[in-house]
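Data first, discussion second: the structure below is written as structure tokens.
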Amino acid sequence: MSKIQAPKGFEDVLPADSWKWQAIERVARETAALYDFKEIRTPVLESTALFHRGVGEGSDIVRKETFTFADRGGDSMTLRPEGTAGVVRAAIEHNLIAQEGARAKVFYIAANFRYERPQKGRLRAHHQFGAEAFGIADPAQDVECILLQMDFYRRAGLKDVQLQINSLGDAESKQRYRDLLVAFLSPKAAQLSEDSQRRLSENPLRILDSKDPRDKEAVQGAPPASDALSEKSRKHFETVQQLLAASREAFEVSPSLVRGFDYYTETLWEVTASGLGAQNAIGGGGRYDNLVESLGGRPTPGVGFGSGLERLLIALEAQGVQLPNPTKPLVWLVYHGDAARAAQWQLLRELRANDVAADMDHSGRSVKGQFKLLDRSGAQWAVTIGDTELANNTVVLKHLKTGEQTTVPKDQLIAKLKS
């Protein structure tokens, strides 16, 4: 009978690597708490309409990359392709931002699903640390989200990180910029890729983000978004830059920077890091002041970011960063004979009750067989009991890295291990 394997683009995280995920997730939660962002958990499955209205009908994500299907009741459902739309839906549904002047700051660590060609660090099931802030239109909220993201990377140990920022302006500015791009690119329509020829009428800003060489050449000399900014949006973006500079956060203004979601307005940003090759983005975000209203809520400003955890782990490994291993040191119990086995069973329960990670063989292997298991366990300590130790109420404690071995009174073992 053939083996069943994980679907293409979906990967298992095995025990040898799961501690790295725990370390990164702990850094994310601790950093979010410092900025007073509270955790939110939304369903992995949402109504398809949420992403069509939120992410945008013309976006590549909705057109090409969603896992969408009809459920048994005939309703169209979609696996979450990104985090923001579901968070906005939850905030509206549970009245987190129902009152005028209300604000909410939340973060999430969640899996997203996109049907795209799997690449290193870009899987069909990928995980993100994201944060969203609602109710504050001031540029300071943009900068707080940026600083949270950059602080997360620093606390994780990531080096050689670059922050790029841009502004698409408010809705009117964005429409003016669309018109400028269409006027600039229309004479070059025949030179564009097939996808970008469609985008020219549906979503011309996406052409700026195309990786196709034909599109890259066609957009050379395109007008920057700053040419279309209203005075209000210009001042907003200038303040963002001033606040970043005052926070000593290095950045570069990238006039051609756009993001993959239609909902972005005003400030947007992207973070890149060494160790990822040509596709070196590890996260980004932006402001979306019209998204809450478009999904049925009262007009509410919003801003946030998402950061891919797979790509962060790859970059950390490439940069030689050693993550702190949160796993407790393991104590392995070895027994000589049935009476010692019964004593070790009781000791096992006592150690765990005192917050000491411990394990032993439950199958009755020989002492040699027990030590083979111990060698594979990665344990730091071995505690051995035989007839002599039973008679004297002692144990033999061995540090497996140094080889140091000593006989310890049994009632002093826990204190010895904890010291």
Side-chain angles (χ1 to χ4, degrees), residues 21-43 80 82-110 112 127-158 161 163 165 236-237 239-251 263-271 282-289 291-292 295 297-309 312 324 326:
W21 287 82
Q22 293 167 22
I24 287 296
E25 290 166 5
R26 187 176 68 252
V27 172
R29 288 188 167 90
E30 290 174 351
T31 310
L34 292 174
Y35 286 71
D36 193 29
F37 281 69
K38 305 295 195 302
E39 185 172 10
I40 188 169
R41 303 188 184 196
T42 61
R80 175 178 56 215
E82 60 90 42
T84 302
V87 171
V88 172
R89 190 269 312 147
I92 296 169
E93 183 173 343
H94 300 286
N95 296 319
L96 300 186
I97 47 177
Q99 303 302 317
E100 186 173 357
R103 53 169 251 172
K105 300 200 299 183
V106 298
F107 79 92
Y108 52 88
I109 299 172
N112 295 330
H127 299 77
Q128 280 193 343
F129 164 50
E132 316 289 349
F134 302 103
I136 300 176
D138 194 272
Q141 188 60 73
D142 305 20
V143 175
E144 183 185 53
C145 286
I146 294 172
L147 295 178
L148 166 56
Q149 185 177 358
M150 301 303 287
D151 204 2
F152 164 59
Y153 295 143
R154 274 189 285 272
R155 290 171 182 270
L158 192 65
V161 181
L163 168 65
I165 65 173
H236 185 106
F237 192 45
T239 304
V240 166
Q241 296 174 67
Q242 292 165 4
L243 290 172
L244 284 171
S247 303
R248 295 188 177 89
E249 190 66 63
F251 65 91
Y263 51 62
Y264 282 131
T265 56
E266 302 290 0
T267 314
L268 54 105
W269 66 90
E270 187 168 88
V271 184
I282 56 172
R287 180 165 281 283
Y288 44 85
D289 288 344
L291 180 57
V292 176
L295 291 177
R298 61 175 297 118
T300 305
V303 58
F305 70 83
S307 179
L309 297 186
L312 175 57

Specify the closest pair of heavy atoms between A137 and H236, including all atoms of both residues, with the distance to one decimal.
O-CE1, 3.3 Å

side-chain hydrogen bond (donor to acceptor under 3.5 Å, both in side chains) against Q22, all qualifying residues, sequence neighbours excluded:
none

Rounded to the nearest 0.5 Å, what's the gap from CD1 on I146 to CG on L244? Could you check?
5.0 Å

4.5 Å side-chain heavy-atom contact, Y108 and T42:
no

The side-chain hydrogen bond (donor to acceptor under 3.5 Å, both in side chains) partners of R26 (sequence neighbours excluded) come to none

Check step by step if side chain to side chain contact (heavy atoms under 4.5 Å, CB included) holds for T84 and L291.
CA-CA 9 Å; T84 302; L291 180 57; 3.8 Å; yes

Nearest heavy atoms of A104 and I97, plus distance in Å
CB-CG2, 4.1 Å

At what distance, to the nearest 0.5 angstrom, does CG of L312 lie from CD of Q128?
12.0 Å

To the nearest 0.5 Å, what is the distance between CD1 (I109) and CD1 (I40)?
13.5 Å

Which residue pairs satisfy the salt bridge (Lys or Arg N to Asp or Glu O under 4.0 Å) criterion with at least one member in residues 127-149, sequence neighbours excluded?
K105-E144, D142-R287

Is T265 reaching over with its side chain to a backbone N or O of D289, donor-acceptor style, under 3.5 angstrom?
yes

Taking atom CG of L96 and atom CZ of F134, what is their separation to the nearest 0.5 Å?
8.5 Å

Can you name the closest pair of heavy atoms from A156 and I24 and give their distance?
CB-CD1, 3.9 Å

Considering residues at least two apart in sequence or located in another chain, which fulfil the side chain to side chain contact (heavy atoms under 4.5 Å, CB included) criterion with R155?
V27, T31, L34, D151

Is there a donor-acceptor contact under 3.5 Å from the side chain of R103 to the main chain of A133?
no

Taken in chain and number order and not counting sequence neighbours, the residues that satisfy ring pair (Phe, Tyr, Trp, His ring centres under 6.0 Å) with H127 are W21

Who pairs with F237 by ring pair (Phe, Tyr, Trp, His ring centres under 6.0 Å), at least two apart in sequence or on another chain?
none

Apply the test ring-ring contact (aromatic ring centres under 6.0 Å, His included) to residues F107 and F37: give CA-CA distance (whole Å), side-chain angles for both, the deciding distance (0.1 Å), then the verdict.
CA-CA 6 Å; F107 79 92; F37 281 69; 7.9 Å; no

Compare every heavy atom of S307 with every heavy atom of Q149, then report the nearest pair and how far apart it is.
NE2-CB, 4.4 Å

Please enumerate all residues that pass side-chain hydrogen bond (donor to acceptor under 3.5 Å, both in side chains) together with D36, with sequence neighbours excluded.
K38

On a heavy-atom basis, the closest approach of C145 and W269 is CB-CH2, 4.0 Å

List the residues meeting salt bridge (Lys or Arg N to Asp or Glu O under 4.0 Å) with E93, not counting sequence neighbours, and say none if there are none.
R89

To the nearest 0.5 angstrom, please state how far the CG atom of L243 sits from the CD atom of Q141.
11.5 Å

Ring pair (Phe, Tyr, Trp, His ring centres under 6.0 Å) with F305: which residues, sequence neighbours excluded?
F129

If you look at every heavy atom in Y288 and G304, which pair is closest and at what distance?
CE2-N, 3.6 Å

Please list all pairs passing the salt bridge (Lys or Arg N to Asp or Glu O under 4.0 Å) test where one or both residues lie in residues 239-250, with sequence neighbours left out.
R154-E249

Could I get the full list of side chain to side chain contact (heavy atoms under 4.5 Å, CB included) partners for I92, not counting sequence neighbours?
V88, V292, L295

Residues in side chain to side chain contact (heavy atoms under 4.5 Å, CB included) with R298, at least two apart?
E100, T300

Tell me whether R29 at atom CZ has more than 12 heavy atoms from other residues, nucleotides or ligands lying less than 6.0 Å away.
yes

